[in-house]
Amino acid sequence: MIAELALINAFLKGRKGIYTTPLKTLANEKYEEFSLWSKIGAKIGISTGDYDEPGEWLDKYDIIVTTYERLDSLFRLRPKWLRKVGVVVIDELHNISDGERGPTIELIAIYALKLGAQIVGLSATLSNPEELAEWLGCKLVLSSWRPVKLIEGFYIKRRSIIAFNDGRIEEVLNNNLIDHIVRSALNQHYQVIIFQQARHKAESMAKNIALKVPVIDRNTYLEIIDKFKKYEALRSEIKDLDKLVMHGVAYHHAGLSHGARLAVENSFRSGLIRFVVATPTLAAGINMPARRVVIYTRRFEGGYVKPISIAEYKQMAGRAGRPQYDVIGEAIIADVKDEGEGWRYINGRPEPVKSALISERALRIHTLSLIASGYVEGIDELRDLLRKTLAYKNLLESRGVDITNYVIKNILPRLMEMDMIRADGRYLYPTKLGLTVSRLYVDPLTAIMIIDELEGIGKPSPLYYLTLIAMTPDFTRVRMVGYKGLQREAYSAYESGLIPGPIRGVSLYDWLKAYKIGLILNQWINEVDEDYIITTFKIGAGDLNLIIETASWLTYAASKICESVGLKNHANELNKLSLRVRYGVKEELIDLVRIKGIGRVRARLMYMHGIRTIDDILNVGIERIAKIPMIGEVLANNIINEAKKLKNK
DNA sequence: AGGGACCGACTTTAGACAGCATGTC
DNA sequence: CTAAAGTCGGTCCCT
């Protein structure tokens, strides 16, 4: 409400407002919510990687909803309308301590301050808001109001009870927590979300629960299956989840396709599904509360098992209680080692957030962007700006270290070696490469790895390019399993020149991972069926999507990077490859797939029926197109119209 | 010979943003 | 640094 007041206040004064969130789904949600304000004439816009409207275009909107990275990218492009921005709202501000994405938030805040905009930071899990408010020059507003009362408790196995913080004790029958939770939920007719910390645990627990729950009625079951079909979950996913939803149970994690996730969320919200076992995907953002939430707290990380943070726990506990239906919500911790730990989760404050703008990677990326976008034109200016960061403040206070020295002595020279930045006395300016890299939103190191590897080699195969981009730091964060057995195969591929060797700084495992990603993408661009790919490579549909998305972005970026340093042949090859990755097609279908309404499957069918170019479509006549399987008259008509449009361009 | 219980070695472990130009099957 | 589940292949025993 406070954020909305600030946005509307700015609008009434003729200023623009920006609302920035960590997730695309959250951005969509806010965009829809804010659309209400069109009643008073405010024009609402959205800008994420999914819907782009290039920088200058957004001028027509009064309130713009973005993701953090998108806003950072907009600030770098410096469209003229930025002058008109009166307020920047940063949602889920605690993310500032996230190692990957926190630095982006920090930079957004700095840019906004530089614009003189009012900043509104929002967070429900922040123990040091005073510190952040002071840094941002904001006034702190605290509120503990919550639409539904939250009661927290934990399971004490030794005594076979759940102890709640309102003093209530709940007996656990047979000392079997999940059995008890399921039984009470069935008796009292409420829904439960269980948070596990590993995908396989979420899946196996969902299967166990399904065994304890009677089959639901057939119509409800069919309704759920319909949703999976409507949202376009893959056949293999429906097959896996079928036996669970039959009992009103499902699992939910990022390995599922977007469609399968939507189907689970939607079925739960409409009460068709009673139990969902999820990983922390459901903790942030998605509006899917339940009367009861059960939380497992142990996660394997960095070589051993450790408990999740209080902040993470609070984030998940916050899912308990549905505003329209419940008077209270209950969060139950399932696996504390003793009572002390239980109370620490319940009564403890979330860990104070600290700046993450201290890693070499983050500083490299953002130092380049500051100079490339012209916010900083000299060393002294750079130093002044860095002194405004939270990182500067945190490091000076905790260790007496001045981070600006590190940037100027280590990061800056490295960027100059990469020939992305040049200095003229104390004046700093970007090279063409530096400018390109910053605009493409890639890590400078990614660009250097690509250039170094491709310089001086001829025309490698798609697999070579794909393995290369999969090795870059912008890609290695993608999860991948089952690559250890590929060592021998990878070496022989390397020896026959099919793939690049491990580039300096890339570990053996990252190289093998890259090879497996290369193999997967190579299948994808050769039109192998999605279901077949995920089964043979043992990855989730969601994982495949992430790989495709990332590869499509990075092949495009690689193409532009090659172009900027005169590697023209590679630029052309990579450009073609990026289209092939985006659509999952062989080269001969690139022309057809440009048409709205035609993807990889229909394009192949048309090709087999002798329609191979846009000209063919315009020449053969509607009957022949409508006769092709999966294409009817309506679609054929649309296809012809779209082809005409493309032809006239 | 075939089936199944059992055992030990080995593998794996959360999430999700970004370019560009417009929809997919 | 505080683990646990699944997979795979082999062995042993019974029918």
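Naming: A, B, ... by sequence-line order, numbering from 1 per chain. Note that the structure is a prediction, hence the values are computed from the model and not measured.
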Worksheet item: Which whole-number value in Å describes the distance from A/Leu554 CG to B/dG19 P?
Response: 11 Å
Fill in: Residue pair A/Glu100 / A/Arg361, side-chain heavy-atom distance below 4.5 Å
yes
Response to the item:
Between A/Tyr304 and A/Lys201, the residue closer to the 5' end of DNA chain C by nearest nucleotide is A/Tyr304
Discussion item. Less than 4.5 Å apart, side chain to side chain, heavy atoms only: is that true for A/Phe75 and A/Leu82?
Written reply: yes
Fill in: A/Tyr607 side chain vs A/Arg602 backbone, donor-acceptor pair below 3.5 Å
no
Worksheet item: Under the side chain to side chain donor-acceptor pair (under 3.5 Å) criterion, do A/Tyr231 and A/Asn266 qualify, and how do the steps go?
Response: CA-CA 10 Å; A/Tyr231 290 117; A/Asn266 195 301; 2.6 Å; yes
Fill in: A/Thr431: side-chain hydrogen bond (donor to acceptor under 3.5 Å, both in side chains) partners, not counting sequence neighbours
none
Please list, one pair per line, the donor and acceptor atoms closer than 3.5 Å that link side chains of residues 538-551 of chain A to other protein atoms, with sequence neighbours excluded.
from: A/Asp543; atom 1: OD1; to: A/Arg199; atom 2: NH1; distance (Å): 3.3
from: A/Asp543; atom 1: OD1; to: A/Arg199; atom 2: NH2; distance (Å): 3.1
from: A/Asp543; atom 1: OD2; to: A/Arg199; atom 2: NH1; distance (Å): 3.0
from: A/Asp543; atom 1: OD2; to: A/Gly540; atom 2: N; distance (Å): 2.9
from: A/Thr550; atom 1: OG1; to: A/Leu546; atom 2: O; distance (Å): 2.7

Worksheet item: Between A/Gln523 and A/Ile520, is there a donor-acceptor pair closer than 3.5 Å when you use the side chain of the first and the backbone of the second?
Response: no
Discussion item. Could you walk me through whether A/Glu106 and A/Ser355 satisfy the side chain to side chain donor-acceptor pair (under 3.5 Å) test, starting with their C-alpha distance in whole Å, then the side-chain angles of each, then the deciding distance to 0.1 Å, before giving a yes or no?
Written reply: CA-CA 8 Å; A/Glu106 200 163 330; A/Ser355 169; 2.7 Å; yes
Fill in: Working for side chain to side chain donor-acceptor pair (under 3.5 Å), residues A/His253 and A/Gln196
CA-CA 10 Å; A/His253 59 60; A/Gln196 279 284 7; over 6 Å; no
Worksheet, complete the sentence: A/Trp57 atom CH2 is separated from B/dT22 atom C1', nearest whole Å, by 11 Å
Fill in: Complementary nucleotide of B/dA16, counting Watson-Crick and G-U pairs under 3.5 Å
none
Practice prompt. Taking heavy atoms of chain A and a 4.0 Å limit, find me the 5'-most and 3'-most nucleotide of DNA chain C within that range.
Written response: C/dC1 to C/dC8
Worksheet item: Rounding to a whole Å, what distance do you find between A/Arg594:CZ and B/dT24:P?
Response: 12 Å
Discussion item. So A/Ile595, base contact, sugar-phosphate only, or nothing? Heavy-atom distance under 4.0 Å.
Written reply: sugar-phosphate
Worksheet item: For the pair made of CG in A/Asn575 and C1' in B/dA21, what is the distance, rounded to whole Å?
Response: 13 Å
Practice prompt. Provide the Watson-Crick or G-U wobble partner of B/dT22, both distances under 3.5 Å; none if there is no partner.
Written response: none
Enumerate donor-acceptor pairs with a distance under 3.5 Å from any side-chain N or O in residues 585-596 of chain A to protein atoms, sequence neighbours excluded.
from: A/Glu587; atom 1: OE2; to: A/Lys576; atom 2: NZ; distance (Å): 3.2
from: A/Glu588; atom 1: OE2; to: A/Arg604; atom 2: NH1; distance (Å): 3.0
from: A/Glu588; atom 1: OE2; to: A/Arg604; atom 2: NH2; distance (Å): 2.9
from: A/Asp591; atom 1: OD1; to: A/Arg594; atom 2: NH1; distance (Å): 2.8
from: A/Asp591; atom 1: OD2; to: A/Ile614; atom 2: N; distance (Å): 3.2

Practice prompt. Using a 4.0 Å heavy-atom cut-off across all strands, classify A/Lys229 as base, sugar-phosphate, or nothing.
Written response: nothing
Worksheet item: Between A/Arg582 and B/dA21, is there a side-chain N or O to OP1/OP2 distance below 4.0 Å?
Response: no
Discussion item. Rounding to an integer number of Å, can you tell me how far A/Leu589 CG sits from B/dT24 C1'?
Written reply: 15 Å
Worksheet item: What is the nucleic acid contact for A/Tyr583, judged by heavy atoms within less than 4.0 Å: base, sugar-phosphate only, or nothing?
Response: sugar-phosphate
Practice prompt. Would you mind classifying the nucleic acid contact of A/Gly597 as base, sugar-phosphate or nothing, using non-hydrogen atoms under 4.0 angstrom?
Written response: sugar-phosphate
Worksheet entry | Gap in Å between the two C1' atoms, one belonging to B/dA16 and one to C/dA3, rounded | 26 Å
Worksheet, complete the sentence: Symbol by symbol from the 5' end, with Watson-Crick or G-U pairs under 3.5 Å, [ ] crossing and | another strand, DNA chain C is ..|||||||||||||
Fill in: Exercise: identify the closest heavy-atom pair between A/Ala372 and A/Gly434
CB-O, 4.2 Å
Worksheet item: Ring stacking, A/Trp553 with base of B/dA18, under 5.5 Å and under 30°?
Response: yes
Worksheet item: Shortest non-hydrogen contact from A/Leu357 to A/Pro103?
Response: CD1-CB, 3.7 Å
Discussion item. Would you measure the distance from the C1' atom in B/dA18 across to the matching atom in C/dC1 and give it in whole Å?
Written reply: 35 Å
Worksheet, complete the sentence: Whole-Å distance, A/Leu579 CG to B/dA21 C1', equals 11 Å
Worksheet item: Do the side-chain N or O atoms of A/Thr67 get closer than 4.0 angstrom to the phosphate oxygens (OP1, OP2) of B/dA18?
Response: yes
Worksheet item: Do the side chain of A/Ser552 and the base of B/dG19 come within less than 3.5 angstrom through a donor-acceptor pair of N or O atoms?
Response: yes
Discussion item. Measure CD1/A/Ile561 against P/B/dC20 and give the value in whole Å, please.
Written reply: 12 Å
Practice prompt. For A/Glu232 and for A/Thr550, locate the closest nucleotide of DNA chain B by heavy-atom distance; then report the residue assigned to the nucleotide nearer the 5' terminus.
Written response: A/Thr550
Discussion item. Check this for me: A/Lys60, atom NZ, are more than 12 non-hydrogen atoms of other residues, nucleotides or ligands nearer than 6.0 Å?
Written reply: yes
Item to complete: Measure the distance from NE2 on A/His258 to P on B/dT24 and round it to the nearest whole Å.
Response: 16 Å
Discussion item. Please encode protein proximity along nucleotides 8-16 of chain B as a string of B, S and -, counting only heavy-atom distances under 4.0 Å.
Written reply: ----SBBBB
